[in-house]
Each structure stands twice: as C-alpha cells, then as structure tokens.
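Worksheet: the structure to be examined is printed underneath.
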Amino acid sequence: MKAYLERFLIYIDSTHTGSKYTKDAYKRDVEEFISFLQTEEISDLNDVDRIVVMNYISKLREKKGVDGGTIKNSSIARKLSVLRSFYKYLNEYVGIQNNPFLYFKSPKQHRKIPEFLFYDEMDTFLSSINLQKDVGVRDRALFEIMYACGLRVSEATNLKLCDIDFQGQIIKILGKGKKERIVPFYDVAKEMLLKYIHEIRPKWLKDKKHDFVFVNQRGDQLTSRGIQFRMQEACKNCDLHIHIHPHMFRHSFATHLLDNGADLRVVQELLGHSSLSTTQIYTHVTQERLKKVYEKAHPRSNE
C-alpha cells in the first residue's frame, strides 16, 4: 500500500502546481487511512468497501482537532477528497476496480467570509514599508504585485522575469491545475518592481543564475514562509493591530474590484477560478459591508 502511495505522490507532483505543503497534506491523509486499514487488518486496497469507509469516518469524528474540539467538517471533507483522488489514481493506473469513496458526499461546510483589508488599511500597510532599506524595496515590490494581481503566495514565489511584460503592464500567471491567466498591474506596482529588479535583485543574486523574480539576500528563491515572515515584520511598523496573512491580499484584490464596480465574471477570470460560485463568496463580503453600514447609518435600523 505504501508503494502505491509513493507512486501516487509522484503522479501528484507531475500533474499539479500546488506547493510542497499540498503534497505533504496528501501524504499525511493517505498515510492516516493506510494506518487505519492496518489496525482493521486489511492489507489489500481492493478489500475496502462502503462499510470500511463508514467506520473510518466514524473514527475521524472521534478525533480531536487542533483546538481540542471535534475535527471540523472542512478537515473531513479534505481527507475524503484526497482519498477519492487516491482511488481514482489506483483505478486508472494500478488496476484496482472499486472506488468506495465515490459513495460518500463530503460533509457540508460553512463558507467563511474571506478576511480582507479595507483600501485605507492596505494603503497604510504598503506606505509603512521603509524604502531606504534594500529589503524594504523588495518587500514593497512583492506586496504591491500580490495586491495588484491577486496572487496566491505560491504564485508570487514562482513568478519569473519572463512572466512580466512591463510595456503592456501585464503578468502571466500559472495557477492551480496549471491554469494560465493574464492579469494587468498598475503604475505603482510597475515602478516598485523595476526599482527592485534593477537595483536590489542583481546585488543579492551575485553569480547565481535563475529567473525567479523574488529572492532573499542570499540570492535564492524567496519561499512562502519567507513571504509570511516578511509580512509579519512589516506589520510591526504600521498601526493596523490586525493579523495579516498573504491570502488576505488576494481577498482584498477581489473585494476592492467588486466594490468599485467590476463584473463578477471578470474578477473570476482575474483570480483564475474555474467556477463562478467560488468567486461569488466575495459578493457576500460586499453585502455584509453594506448591511453593517446600513445598520449603523439608518436612523430606524436600531429601533
């Protein structure tokens, strides 16, 4: 079974553009299921049926989550999705006939309203970065382009010089599922990118040769964790007093576009969403904001 898992992970690595952490999550979820099968004395993946899966889900529901409570529906849904994909791979490439996970729908999940920054908060954050320091120039260019184009953190780390068209002010992004999209960027982002690429990047790169746009001071490709750390450091220099994480820039990008009249389908294309329903979560953000403003401002709303 573990040999099948290794082959599955190689397959995932070759067909997906997700981060190393995505692959690690796939590995953990399948290993957890294999461990369960071993406790049940099941040694053949062909022997897994609906009853076995039901027992596995029951075991999952008995587990404690990171907060000490029961495991969340979203976590169970992710595990079932991974195992469904694992069995689909086994069906297509190994010759196993059944996929017992097809019988099970993922638990309904409460869709959280995405966290985002208001425009003045975003402006405060970006303006607080110290451009007198080389690392500040790099950080400002990085955060500007993440906000300008709604980049996922993995897309920012993998951005290459050849992906940027400065004359047309557009970047080419290879997103999830190797789906390509083209997104424009505004003048300030262009200005900061050019300053960083011409003045800072060559200084750090020295004799190293690669095409990644964002590098650390050793000239190596900046990692997702590196971006998260730099964002937290930048937070210390502004007065927002809120926890900021990289995906908030993508959420803010979508929310601000919709707030200013952008068509939902255009935002869907800019984000690289396959389904319009995924993009529609951002309309809930604007609706919630409108409701709060209404309740605060209308004289009869609190009567």
| remark: Interatomic distance, CD1@Ile34 vs CG@Leu45, rounded to 0.5 Å, equals 6.5 Å

| query | Is there a donor-acceptor contact under 3.5 Å from the side chain of Thr157 to the main chain of Ser224? | reply | no

| salt bridge (charged side-chain N to carboxylate O under 4.0 Å, His left out) between Lys236 and Glu233, worked out | CA-CA 5 Å; Lys236 295 175 183 177; Glu233 287 297 296; 2.8 Å; yes

| task | Decide ring-ring contact (aromatic ring centres under 6.0 Å, His included) for Tyr196 and Phe214; before the verdict, give the C-alpha distance in whole Å, the side-chain angles of both, and the deciding distance to 0.1 Å. | result | CA-CA 9 Å; Tyr196 158 69; Phe214 295 108; 5.5 Å; yes

| note | So salt bridge (Lys or Arg N to Asp or Glu O under 4.0 Å) across residues 33-57, not counting sequence neighbours, yields none

| query | According to the salt bridge (Lys or Arg N to Asp or Glu O under 4.0 Å) rule, which pairs have a member within residues 192-202, sequence neighbours left out? | reply | Lys195-Glu199

| remark: Minimal heavy-atom distance between Ile244 and Gln228, with the atoms involved, is O-NE2, 3.6 Å

| Side-chain heavy-atom pair Tyr87, Leu102 within 4.5 angstrom cut-off | no

| Nearest atoms (heavy-atom pairs only) where Met122 meets Tyr147 | CE-CD1, 3.6 Å

| said: Run the side-chain contact (heavy atoms from CB on, under 4.5 Å) test against Asp163 and tell me which residues pass, sequence neighbours left out. | reply: Leu159, Lys160, Lys172

| Same cluster for Leu151 and Phe166 if Ile/Leu/Val/Met/Phe/Trp/Tyr side chains link at under 4.5 Å? | yes

| Stepwise side chain to side chain contact (heavy atoms under 4.5 Å, CB included) test for Leu37 and Val48 | CA-CA 8 Å; Leu37 295 182; Val48 177; 3.9 Å; yes

| task | Could you tell me the separation between the CG atom of Asn98 and the CG atom of Asn91, rounded to the nearest 0.5 Å? | result | 7.0 Å

| field | Between OH on residue Tyr89 and CG on residue Asn99, distance to nearest 0.5 Å | value | 14.5 Å

| request: Test ring-ring contact (aromatic ring centres under 6.0 Å, His included) on Phe249 and Phe125 and set out the steps. | output: CA-CA 11 Å; Phe249 280 57; Phe125 177 80; 5.6 Å; yes

| request: Would you check if Phe253 and Leu270 make a side-chain contact, meaning some heavy-atom pair closer than 4.5 Å? | output: yes

| Any link between Phe229 and Ile129 through a network of hydrophobic side chains (Ile, Leu, Val, Met, Phe, Trp, Tyr) touching at under 4.5 Å? | no

| query | Nearest heavy-atom pair of Gly219 and His210: which atoms, and what distance? | reply | O-NE2, 2.8 Å

| query | Is the number of heavy atoms from other residues, nucleotides or ligands within 6.0 Å of CD (Glu92) greater than 12? | reply | yes

| said: Any heavy-atom pair between the side chains of Asp134 and Trp204 that's under 4.5 Å? | reply: yes

| Do you know the tightest heavy-atom contact between Ala148 and Val183? | O-CG1, 4.5 Å

| said: Given Tyr93, which partner from the list Tyr11, Tyr4, Phe8 fulfils the ring pair (Phe, Tyr, Trp, His ring centres under 6.0 Å) test? | reply: Tyr11

| field | With Lys190 via salt bridge (Lys or Arg N to Asp or Glu O under 4.0 Å) - residues at least two apart | value | none

| request: Specify the closest pair of heavy atoms between Arg152 and Leu271, including all atoms of both residues, with the distance to one decimal. | output: NH2-O, 4.0 Å

| query | Any chain of hydrophobic side-chain contacts (each under 4.5 Å) joining Ile197 to Val188? | reply | yes

| request: Decide yes or no for Tyr119 and Asp259: does some side-chain heavy atom of the first lie under 4.5 Å from some side-chain heavy atom of the second? | output: no

| task | Could you tell me whether the side chain of Thr124 and the main chain of Asp120 form a donor-acceptor pair under 3.5 Å? | result | yes

| task | Give, for atom CD of Gln221 and atom OG1 of Thr223, the distance between the pair rounded to the nearest 0.5 Å. | result | 8.5 Å

| field | Hydrophobic cluster identity match, Phe212 and Leu205, side-chain contacts under 4.5 Å | value | no

| query | Between Ile170 and Pro184, which heavy-atom pair has the shortest distance, and what is it? | reply | CG2-CA, 3.8 Å

| message | Are the side chains of Leu83 and Asp29 in contact, using a 4.5 Å heavy-atom criterion? | response | no

| Min side-chain heavy-atom separation Tyr26-Leu5 under 4.5 Å | no

| query | What distance separates Cys149 SG from Ile182 CD1, expressed to the nearest 0.5 Å? | reply | 10.5 Å

| note | The salt bridge (Lys or Arg N to Asp or Glu O under 4.0 Å) partners of Lys208 (sequence neighbours excluded) come to Asp220

| query | Taking side chain as C-beta onward, heavy atoms only, is Leu222 less than 4.5 Å from Ile227? | reply | yes

| Option passing side chain to side chain donor-acceptor pair (under 3.5 Å) with Arg181 (candidates His273, Glu155, Glu269) | Glu155

| Side-chain touch Met231/His245, heavy atoms, less than 4.5 angstrom | no

| Would Arg28 and Val82 satisfy side chain to side chain contact (heavy atoms under 4.5 Å, CB included), going step by step from the backbone distance to the final call? | CA-CA 10 Å; Arg28 283 195 305 272; Val82 168; over 6 Å; no

| request: Under the side chain to side chain contact (heavy atoms under 4.5 Å, CB included) rule, what do Arg218 and Lys206 come out as? Steps first, then yes or no, please. | output: CA-CA 9 Å; Arg218 296 183 300 278; Lys206 295 178 182 174; over 6 Å; no

Using atom types as modelled, flag every donor-acceptor pair under 3.5 Å from a side chain in residues 135-145 to any protein atom, sequence neighbours excluded.
from   : atom 1 : to     : atom 2 : distance (Å)
Arg138 : NH1    : Val215 : O      : 2.8
Asp139 : OD2    : Arg230 : NE     : 2.8
Asp139 : OD2    : Arg230 : NH2    : 2.9
Arg140 : NE     : Glu144 : OE2    : 2.8
Arg140 : NH1    : Leu126 : O      : 3.3
Arg140 : NH2    : Glu144 : OE2    : 3.1
Glu144 : OE1    : Tyr186 : OH     : 2.5

| request: If the plane angle is over 60° it's perpendicular, under 30° parallel, otherwise tilted; pick one for Phe33 and Tyr56. | output: perpendicular

| Rounded to the nearest 0.5 Å, how far apart are CD of Gln38 and NZ of Lys2? | 6.0 Å

| field | Heavy atoms from other residues, nucleotides or ligands near CD of Gln97 exceed 12 (cutoff 6.0 Å) | value | no

| Backbone of Met54 reached by a side-chain donor or acceptor of Ser58 within 3.5 Å | yes

